[in-house]
Amino acid sequence: MADINNINLRLIDTTVLLIFLGLMRHRKATEVAREMGLTQPAVSHALKRLRTLYEDPLFLRRAHGLEPTSLAHELEPKIHRIVRLLSETLEDPEEFDPRSTATDLRIGAFDYELTTVIPKLVTEMRSLSPNIDVHAYPLVYSEALDALVQGRLDLAIGYFDIPPRNDATFVVEDLYSENYVLAGRRGHPLLTANPTLEDMAQADHLLVSPHGLIRNRVDEALRMQGYKRNIRTIVPSLFSALSIIENSDLVMTLPERVAQSNEQPFEITHKPLPIKVGDFQLQAVRHARDANSPLHMWLLERLRRVVSR
């Protein structure tokens, strides 16, 4: 038998394979044609293709019908396996079972989500899926999106000022609406009453940024009113920032949920900003290749549950 090369593979299609198996069962071309709803010439043409491909008659004509050759008998179990595998690709995927699935899920998030959302998500998942491990990474903005594209993350959580809604590469879901507040130590004179714009502009600010000085919508809103923040200290992580402001007169802007959840662990308080900067959305971003993955859909549903509480 000639080697089956790539060119010969193109001569095989599912119909030809099914006709071969039909001939092995019925030993008559007329029966196969009737069973498959084909014409007898179509069955004969398929058999001719198979004979040419395998350089063997495969079926010998006898008075009682067709007699398979030794090669046909050899091919039958192999072709059965091929057809069975093809059939499995068309079946509904097995139902996802979080209790029996063992895998890693990689989530990118900023400090804010790592301290508020991720702990709740891990607690939720540990009770439902003991064999699914969560790996959280401090990746945000373009870093997180690049990691999704490269397959290094399963999910990114954060505040994406320019959500990639029009990019078919990503699937974006809004989780909840958030707003900024001004936070500082308990008893801070600026936070004993609602601060004014002048108060906020004159105060010494701390900024959380892993990449140095950045400007956000708070700075843009202040600029439109002729003010700017007096940023005196920049740190890369939220925990160091909270520790600093609870022990100094520095203030900082935080998402309100983050400020609320850290009022007890740290001696801090917060007040509304004296300027409207608009709400923003905490978003979950996945790569489009995972849009229909049962595992990723299950993860997203768990995330929705914990942020809705």
Side-chain angles (χ1 to χ4, degrees), residues 108-119 136-145 156-163 175-283 307:
F110 195 37
D111 263 4
Y112 299 153
E113 296 77 58
L114 291 175
T115 59
T116 55
V117 176
I118 297 299
Y137 300 90
L139 297 175
V140 294
Y141 309 130
S142 61
E143 286 183 335
L145 299 181
I157 306 173
Y159 306 100
F160 294 88
D161 286 337
I162 307 176
L175 296 174
Y176 61 78
S177 181
E178 182 64 286
N179 62 280
Y180 283 114
V181 296
L182 189 65
R185 65 174 174 82
R186 292 181 189 173
H188 195 296
L190 182 62
L191 302 176
T192 56
N194 289 333
T196 65
L197 270 176
E198 289 81 3
D199 294 333
M200 184 174 174
Q202 291 173 8
D204 292 333
H205 288 254
L206 179 146
L207 175 69
V208 179
S209 172
H211 305 299
L213 181 63
I214 60 171
R215 300 294 181 182
N216 60 22
R217 62 177 61 205
V218 174
D219 297 291
E220 181 62 21
L222 288 171
R223 187 188 67 80
M224 296 294 290
Q225 298 296 321
Y227 297 95
K228 68 176 182 178
R229 282 191 293 178
N230 182 25
I231 298 174
R232 302 297 299 273
T233 302
I234 302 174
V235 295
S237 69
L238 177 64
F239 279 128
S240 59
L242 293 172
S243 180
I244 291 171
I245 66 169
E246 76 168 342
N247 292 291
S248 71
D249 281 334
L250 293 171
V251 296
M252 64 184 298
T253 56
L254 284 174
E256 186 171 18
R257 289 195 185 197
V258 177
Q260 290 174 343
S261 63
N262 285 284
E263 280 187 333
Q264 295 305 318
F266 296 88
E267 297 287 325
I268 66 170
T269 186
H270 67 277
K271 290 289 184 179
L273 292 181
I275 188 173
K276 291 184 178 181
V277 299
D279 293 344
F280 53 98
Q281 297 291 327
L282 181 73
Q283 295 170 324
V307 300

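This structure is a prediction, so every number in the text was calculated from the model and none was measured. Atom set for the values below is all heavy atoms of this structure, side chains included, hydrogens, waters and symmetry mates excluded.
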* If you look at every heavy atom in Ala259 and Val181, which pair is closest and at what distance? -> CB-CG2, 3.8 Å

* Interatomic distance, Leu197 atom CG to Gln202 atom CD [nearest 0.5 angstrom] -> 11.0 Å

* So, do Pro272 and Asn194 sit near enough that their side-chain heavy atoms are less than 4.5 Å apart? -> yes

* Asked: What closest approach, in Å, do Tyr176 and Gln281 show between heavy atoms, and which atom pair accounts for it?
  -> O-OE1, 3.1 Å

* Asked: Closest approach of Arg186 and Phe266, non-hydrogen atoms and distance?
  -> NH2-O, 4.0 Å

* Shortest non-hydrogen contact from Leu114 toward Ala136 -> CD2-CB, 3.7 Å

* Would you give the length of the straight line joining atom CD of Glu267 to atom NE2 of His188, rounded to the nearest 0.5 angstrom? => 14.5 Å

* Under the criterion side chain to side chain donor-acceptor pair (under 3.5 Å), which of His270, His205, Arg229 is the partner of Thr253? -> Arg229

* To do: Side-chain contact test, heavy atoms from C-beta onward, threshold under 4.5 Å: evaluate it for Lys228 versus Arg223 and give yes or no.
  => no

* Under 3.5 Å, side chain of Arg257 to main-chain N/O of Val117, donor-acceptor pair present? -> no

* Pairwise distance CD(Gln260) to OG1(Thr269) - rounded to 0.5 angstrom -> 10.5 Å

* In a check of side-chain contact (heavy atoms from CB on, under 4.5 Å) between Leu182 and each of Val218, Leu191, Asp199, which one passes? -> Leu191

* Does some side-chain heavy atom of Tyr112 sit less than 4.5 Å from a side-chain heavy atom of Leu238? -> yes

* Asked: Looking at side-chain heavy atoms only, is the closest gap between Ser177 and Phe280 below 4.5 Å?
  -> no

* **For the student: nearest non-hydrogen atoms of Val277 and Ala221, plus distance** => CG1-CB, 3.5 Å

* Structure fact -> CG of Leu282 to OG1 of Thr116, rounded to nearest 0.5 Å, is 7.5 Å

* Full working for side-chain contact (heavy atoms from CB on, under 4.5 Å) between Asp111 and Val258 -> CA-CA 10 Å; Asp111 263 4; Val258 177; over 6 Å; no

* pair Ile275-Met224: side-chain heavy atoms closer than 4.5 Å -> no

* **Lys/Arg-Asp/Glu bridge criterion (N-O < 4.0 Å) met for Glu220, Arg217** => no

* Asked: Strictly by modelled atom types, are Asn179 and Asp279 linked by a side-chain donor-acceptor pair under 3.5 Å?
  -> no

* Would you call Leu254 and Met252 a side-chain contact if the rule is heavy atoms closer than 4.5 Å? -> yes

* Quick one: closest heavy-atom pair of Gly184 and Val251, and the distance? => CA-CG1, 4.5 Å

* Structure fact -> dist Ile244:CD1 -> Leu206:CG (nearest 0.5 Å) comes out at 5.0 Å

* Carboxylate-amine/guanidinium contact Asp249 Arg185, below 4.0 Å -> yes

* Asked: What's the spacing between Ile245 CD1 and Leu250 CG if we round to 0.5 Å?
  -> 8.5 Å

* **Thr115 and Leu242, any side-chain heavy atoms less than 4.5 Å apart** => no

* Does CZ in Phe239 sit with more than 12 non-hydrogen atoms of other residues, nucleotides or ligands closer than 6.0 Å? -> no

